[in-house]
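A, B, ... follow the sequence lines: proteins, then strands. Residue 1 opens every chain. The analysis underlying the following values was restricted to heavy atoms, covering all of them including side chains, and did not include hydrogens, waters or symmetry mates.
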Amino acid sequence: MYRYSEFDTAFLAERNAQFRAQVERRIDGSLTEDEFKPLRLMNGLYLQLHAYMLRVAIPYGTLNPDQMRQLALLAQKWDKGYGHFTTRQNIQYNWPKLNDVPDMLDALAEVGMHAIQTSGNTIRNVTADHFAGAAADEVADPRPYAELLRQWSTDHPEFQFMPRKFKIAITGSENDRAVIKAHDIGLQLVERDGVLGARVIVGGGLGRTPMIGKELSPFVAFDDLLAYLEATVSVWNQIGRRDNKYKARIKITVHEHGIDAIRAKVNERFLQVRPQFKGADMALLEEIKGHFAPPAFREGSVAVFKDAYHHDPVFRSWVDTNIAAHKQDDHAIVTISLKKQGDTPGDATAEQMRVMADLAEKFAYGELRISHEQNVILPHVHKSDLPAIHARLKEHALATANIGLISDIIACPGMDYCALATARSIPVAQQIATRFEELKLENDIGELKIKISGCINACGHHHVGHIGILGLDRAGVENYQITLGGDGTETAAIGDRTGPGFAYDEIVPAIERLVHAYLDLRDHADETFLQTYRRLGMAPFKAALYPEAQANAA
Amino acid sequence: MARAFTPKVITANDLLEGDVIYLTADDRWSRDLAEAELITDEAHAQLRLLDAESQPSKIVGAYLADAIAGHDGPEPTHFREDFRRTGPSNYRHGKQETSPQPRA
Ligand code: HEM
Ligand code: SF4
């Protein structure tokens, strides 16, 4: 049976009661930490540097206003008044007390939410484009397909004993906002002669061995997709390496055998498994689609919008950066920036969460999304409501017009919170954003994605940043490596390392030198940083980054 | 050749609060690194770690962290331990909220 929230009420209540009892037994000493740890991790409770951390799942990054208000309540009642939205489309609370966590989980269950983590070597949550169902450029809403894949894989015997965990991302658009080439399998919905299907990408991933996925097939019709994916996973199951945790990911299998050899094996296996699929999955898909049906879009004049756009330059600049094209001409997709210059990327206060919930309820058909770029989205807004939304956002420090610009930085928690970190990332992001705000260069620089990770696990996706920053520990001191030319979209690429890293107090000036070099080097004002880098290569940027080396060579 | 033993303190996280704590010479858990017992002998360090680990209903994840003798007690030698005794740098949360800790 299909359930939108993944787990039903009775199941959540039972799980929460179990965990409450486990917490009690840990506290009274009848469970040791070794026994308790796997139980708390399954329930999304981690121990970080300064405190526990609770990670709450947001399936497909989609929230309704009541859920957002409940997230605000948790922040206010059991945390320090804020929550942190991550690149995994979930929210983290950085300061819960062990005793309070069962109450927090009960409060989440009231709105059908949970912190249960999919774990182990199975297919992890399937992720989808955060503009799904709204984007003007999409062939179809990818979420029903994502949900079909998740349900199909959850209890599937073939997928319970895989060499390693497995992540799938889906987009319905040519413009890839779901980073499909950095997932084990990436799917792009495409239409061919009136038939809907998917382009299949395989073998991407970030982490310590970053790789861009390769095309396994340009088109698999939807009737055949599950059979084709089963064949793919099955081939990997057979030949994937199990001798080494880091070599077990499908990206390594693809790299070692070559995409052509993998394709030949998958095609062979596909013919064997195909007869087992009899179309029941397509019936399920139809049912799922009902749950992702678009709202009844209202009609009306957009005169108010046009008027404000012409007369209010602040509104105009916000519209130009934070609004994306909706499939309904008179509607728009609003991205609310959680990246006000100088603030922590991805953090929202309880009050801000409530404001966003109210706006969604009043103007956006009750829907909110969380993007992997750590911003909040109102996917469906009638254009005539944009001025009112903007006015309300301004009152709560939520109207920053910087989506896709230099201060819209992705940063992982880094050494300020994360127990695995080798250096900080948040203050580096804060300082870069503040610096370019002071220089008043942000709009002139244009599209530029900076992504920062505080260790090699790459949660900040630094490999696919136009400028990537990786924080390391070099002989007991923070040191930051820079990569250039990374790209997480349809033209995906892994960034190239520039050379030696920079100390904590040298990294912001280094970024400033890079950006000034770009401004000098670009052909015209519309040539982006990434385009300039692709045209000229590393040399001129390296010269700007390491002036001493230049001087010594001269 | 064995490396010379460098001075250590015993640190962990409090089971209920989750915050950073240090073992003192008189067997208390303190929130303040300056009150920690600075251990200069390797055998004694292992014994004290066992003492710490035998208190699972109070603490989580005890380990030996490098430290040096400072003016008012032990001080961290690595920035990770400096953050642990202070709190995050983006908000004045954690230990710096209640008892201001110097940041080197
Ligand atoms: C703070 C606690 C966190 C811990 C302990 C943690 C731990 C890890 C570890 C160990 C890995 C490597 C997994 C593997 O390949 O074996 C990983 C990967 C990853 N993490 Fe985190 N993480 C944390 C927070 C986050 C946050 C806040 C985000 C998003 C902002 C995030 C996003 C990711 C992503 C996208 C990957 C996958 C990289 C890949 O494609 O292989 N993580 N994390
Ligand atoms: S990249 Fe490293 S430091 Fe950053 S959140 Fe992930 S595990 Fe922690």
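Within residues 99-106 of chain A, the residues having any heavy atom less than 4.5 Å from a heavy atom of chain B are, in residue-number order, Asn99(A).
Other residues, nucleotides and ligands contribute only 12 or fewer heavy atoms inside 6.0 Å of the NZ atom of Lys340(A).
Scanning both residues, Phe79(B) and Gly476(A), for their nearest heavy atoms gives CD2-O, 3.2 Å. The two residues Trp95(A) and His93(B) make their nearest non-hydrogen contact at CZ2-CB, 3.4 Å. Here the closest non-hydrogen pair linking Leu49(A) and Val20(B) is O-CG2, 3.4 Å. Between Ser89(B) and Arg424(A), the shortest heavy-atom distance links the atoms OG-CD, 3.4 Å.
Put simply, the side chain of Lys80(A) reaches to within 4.5 Å of the side chain of Glu97(B), judged on heavy atoms.
Going from atom NE2 of His50(A) over to atom CD of Glu17(B) covers 15.0 Å, rounded to the nearest 0.5 Å. Put simply, CD on Glu33(A) and CD on Glu53(B) are 12.0 Å apart, with the number rounded to the nearest 0.5 Å.
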Full working for side chain to side chain contact (heavy atoms under 4.5 Å, CB included) between Arg80(B) and Asp473(A): CA-CA 10 Å; Arg80(B) 186 177 194 271; Asp473(A) 173 348; over 6 Å; no
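Contact tally against chain A (heavy-atom pairs below 4.5 Å) for Asn13(B), Leu15(B), Asp19(B), Val60(B): the top residue is Leu15(B).
Contact of Tyr82(A) with chain B is made through the side chain alone, with heavy-atom distances under 4.5 Å. Only the backbone of Ile59(B) comes within contact range of chain A, judged by heavy atoms closer than 4.5 Å. Heavy atoms of Val477(A) lying under 4.5 Å from chain B belong exclusively to its backbone.
Residue Tyr91(B) forms a side-chain contact (heavy atoms from CB on, under 4.5 Å) with just one option from Asp416(A), Ile426(A), Asp347(A), and that option is Asp347(A).
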